[in-house]
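Below is one structure, written out as structure tokens, with a few remarks after it.
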Amino acid sequence: MIQISALPAFTDNYIWLLQDHNTQRCAVVDPGDAAPVHAWLAAHPGWVLSDILITHHHHDHVGGVDHLKNATDAKVYGPASETIPARDVALKDKDRVSVLGWDFDVLAVPGHTLGHIAYYHHGLLFCGDTLFAAGCGRLFEGTPEQMHTSLSRLAALPEDTLVYCTHEYTLSNLKFAAAVEPGNRDTTARLEKVTAQRAAGIMTLPSTLALEKLTNPFLRVDETSVKEKVDERNGTQNRAPSAVFAALRAWKDKF
Ligand code: ZN
Ligand code: FE
């Protein structure tokens, strides 16, 4: 049985901590800062950091790797096509890795960055800055078509999959989602709930793919309501879902 918890970092990052209570070994995902991980290890003597999983090369995801690598014997996994500090295992699409005795499938999900990967194990998804709760990552390197394809791949995973993304952006994402789909009751209800959670300082993650499909506009570009809203705003007649996605992403960038 593996326990998953969040170590907050910077202003809105979460470093996911995976603990195997049988072996007292643990792993972290995207340690942008070593300090919260060091602090946790210091407060939990007996626990050994054995693995570090990286989704993409941005500093807020890899900034703590060198420190942790020097202080522990942890093995560093990361995308093959990006520069990742101290990487031991270079991963590409469809690779499979064993972490804490669990098999994780590697999915290439280009868009936010070109080499971005996600890790999936039986109902658990660590997707970095690709799919967010009620949103998606900015397109720093990839095209809208690439990101749309990547999100569609993630959306095809089982509905009860828990989505462990890296940032607490849910509230601002939902404000945008409500602007896109003012008539979506699931979005309105989620916005209300998340507003209360954030006011109380409560984390809004993980999400589930089922909830994302109901409320995340970037997973809903096939919906008539989303397409019509984008066309109405831009005076366009987008047919392809990837074109609706591109227009939606551009709108969110300025929202
Ligand atoms: Zn990033
Ligand atoms: Fe990030």
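Quick caveat, the model's predicted, so the values are computed rather than measured. When a ligand or atom number is given, it counts from 1 through the structure's own listing order.
In this structure, Asp253 pairs ionically with Arg249, as a charged nitrogen and a carboxylate oxygen lie closer than 4.0 Å. A salt bridge does not link Glu82 with Arg87: none of the charged nitrogens is closer than 4.0 Å to a carboxylate oxygen.
Here the Fe ion (ligand 2) is the vertex; the NE2 atom in His167 and the NE2 atom in His61 give an angle of 110° (to 10°).
Within Asp60, the N/O/S atom positioned nearest the Fe ion (ligand 2) carries the name OD2. No other N/O/S atom of His112 lies as close to the Zn ion (ligand 1) as NE2 does. When distances from the Fe ion (ligand 2) to the N, O or S atoms of Asp129 are compared, OD2 comes out shortest. Asp129 contributes atom OD2 as its closest N/O/S atom to the Zn ion (ligand 1).
Inspection of the His61 and Asp129 side chains reveals an N or O donor paired with an N or O acceptor under 3.5 Å.
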>> What verdict does the side chain to side chain donor-acceptor pair (under 3.5 Å) test give for His167 and Asp60, after you've listed the backbone C-alpha separation in whole Å, the side-chain angles of each residue and the deciding distance to 0.1 Å?
In response: CA-CA 10 Å; His167 290 274; Asp60 63 310; 3.0 Å; yes
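Between the Asp20 side chain and the Gly101 main chain, no donor and acceptor come within less than 3.5 Å of each other.
The Zn ion (ligand 1) has an N, O or S atom of His58 inside 2.8 Å of it.
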